Amino acid sequence: MTGDGCGAGPAVRETPVAVREPVPAPPEGSAYASPLPARVPPPSTPARTTAPAPRASAVPGPGLSRRKPAATPTPTPSRLAATDSTPAPEQGTVLRIGSWTSSVVRGGQEEIDACQEAVQWSGPDFGKEDGYKMRTAVVVGHDYCGFSRFATLPVGTRVTVGTPRETLTFRVYARYLTPGRGTPAHGLYWGDLTLQSCVGPDTGFTYLMRT
């Protein structure tokens, strides 16, 4: 794969707008729901139906626009790739979506391109995330490495993250699809956890809150 990344460039945030409930998903290509759902009953505020407006930030996005190489790296027994049949590793951080699991490591572009694990690109350690304080954990992976589901999870999907200390549960409250595999992640990291991958020629983001 060559070229700039899916979501490369400075990421930006604006103050989130609270809503009472996630808004049902519209056709792909449009944003829905506000950046963060309300944890307590909010004042009467209409839900946003457009993507957050860009605002400057220093967090760059990963390079996910690279095309699939001629030979995709083969997972080794010690570094398990995400599969539906592979059991979760005994140690470390493990992300689980239904029966699908993947280990999660902190890293940069090299770890993403290695195609071995999901990569925590930015944000605090799991258990210390707080979307209301702009402390979003961002986990990414190439679509051709098996992580395309990061961009397509339905609203309401339950996702767990197991760490050596605890098991955390998150729920999907919104998704956003932005055109292009090499576009900047302008204000597109939200919630307690953002999952990011490419979907065909586009870049998808899934937003989750810890329950």
Side-chain angles (χ1 to χ4, degrees), residues 1 3-14 16 25 28-33 35-36 51-52 54 57-68 81-82 93 95-97 100-124 126 129 131 134-155 157 159-161 168 170-210:
M1 293 169 69
D4 294 331
C6 254
V12 290
R13 302 177 184 277
E14 73 167 321
E28 285 198 343
S30 61
Y32 57 92
L36 295 173
S57 174
V59 181
L64 299 182
S65 67
R66 294 168 173 79
R67 298 296 176 185
K68 183 176 181 180
T93 298
L95 186 149
R96 180 181 294 276
I97 305 170
W100 182 93
T101 63
S102 174
S103 54
V104 180
V105 296
R106 276 193 179 272
Q109 195 64 52
E110 182 178 353
E111 285 73 23
I112 294 172
D113 293 344
C115 233
Q116 300 293 314
E117 297 111 343
V119 176
Q120 184 176 354
W121 177 260
S122 65
F126 281 104
E129 68 286 332
M134 303 301 180
R135 292 173 55 82
T136 300
V138 179
V139 176
V140 305
H142 285 303
D143 51 352
Y144 67 78
C145 296
F147 299 104
S148 60
R149 71 193 68 211
F150 283 1
T152 60
L153 295 179
V155 170
T157 298
V159 175
T160 62
V161 176
L168 307 169
F170 299 84
R171 183 176 62 85
V172 175
Y173 71 89
R175 292 200 316 269
Y176 183 68
L177 187 70
T178 186
R181 294 174 68 100
T183 56
H186 288 310
L188 296 178
Y189 292 156
W190 290 103
D192 293 328
L193 171 62
T194 293
L195 302 178
Q196 178 184 354
S197 189
C198 288
V199 183
D202 302 318
T203 306
F205 302 83
T206 297
Y207 304 120
L208 304 93
M209 293 297 292
R210 185 148 56 94

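The analysis underlying the following values was restricted to heavy atoms, covering all of them including side chains, and did not include hydrogens, waters or symmetry mates. Computed from a predicted model, the values in this text were never measured in an experiment.
Tested against Q196, the residues W121, Y189, Y176 include a single side-chain hydrogen bond (donor to acceptor under 3.5 Å, both in side chains) partner, Y189.
The backbone N or O of G141 lies less than 3.5 Å from a partner atom in the side chain of S197, making a donor-acceptor pair. Between the side chain of D202 and the backbone N or O of L177, no donor-acceptor pair lies under 3.5 Å. A donor-acceptor pair is defined here as one N or O able to donate and one able to accept, closer than 3.5 Å; no such pair exists between the side chain of D143 and the backbone of V199. When atom types are taken as modelled, the side chain of Q116 and the backbone of A114 share a donor-acceptor pair closer than 3.5 angstrom. Under a 3.5 Å cut-off, the side chain of E111 and the backbone N or O of C115 do not form any donor-acceptor pair. A donor-acceptor contact shorter than 3.5 Å links the side chain of R175 to the backbone of L153. At distances below 3.5 Å, not a single donor-acceptor pair connects side-chain atoms of Y207 with backbone N or O atoms of L195.
Taking CD1 from I112 and CD from E117, the interatomic distance works out to 12.0 Å, rounded to the nearest 0.5 Å. Separation of atoms CG (D192) and CG (L208) is listed at 8.5 Å; rounding is to 0.5 Å. How far CZ of R149 is from OG of S102: 9.5 Å, rounded to the nearest 0.5 Å.
The two residues V161 and F170 make their nearest non-hydrogen contact at CG2-CE1, 3.8 Å. When all heavy atoms of G191 and M209 are compared, the pair lying nearest together is CA-SD, 3.6 Å.
Residues L188 and T178 are in side-chain contact: their nearest non-hydrogen atoms beyond the backbone lie under 4.5 Å apart. For the pair R210/L193, no side-chain contact is recorded, criterion being any heavy-atom separation below 4.5 Å from C-beta on. The shortest distance between side-chain heavy atoms of V139 and V119 does not fall below 4.5 Å. Side-chain atoms of L95 and I97, non-hydrogen and from C-beta on, do get closer than 4.5 Å to each other.
With sequence neighbours excluded, the residues forming a side chain to side chain contact (heavy atoms under 4.5 Å, CB included) with T160 are R96, R158, T167, T169, listed by chain and number. Listed by chain and number, the residues in a ring pair (Phe, Tyr, Trp, His ring centres under 6.0 Å) with F150 are W100, F147 (sequence neighbours excluded).
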Run the numbers on E129 and L168 for side-chain contact (heavy atoms from CB on, under 4.5 Å), then give the verdict.
-> CA-CA 11 Å; E129 68 286 332; L168 307 169; 4.3 Å; yes

side-chain contact (heavy atoms from CB on, under 4.5 Å) between H142 and D113: does it pass, once the steps are laid out?
-> CA-CA 7 Å; H142 285 303; D113 293 344; 2.7 Å; yes

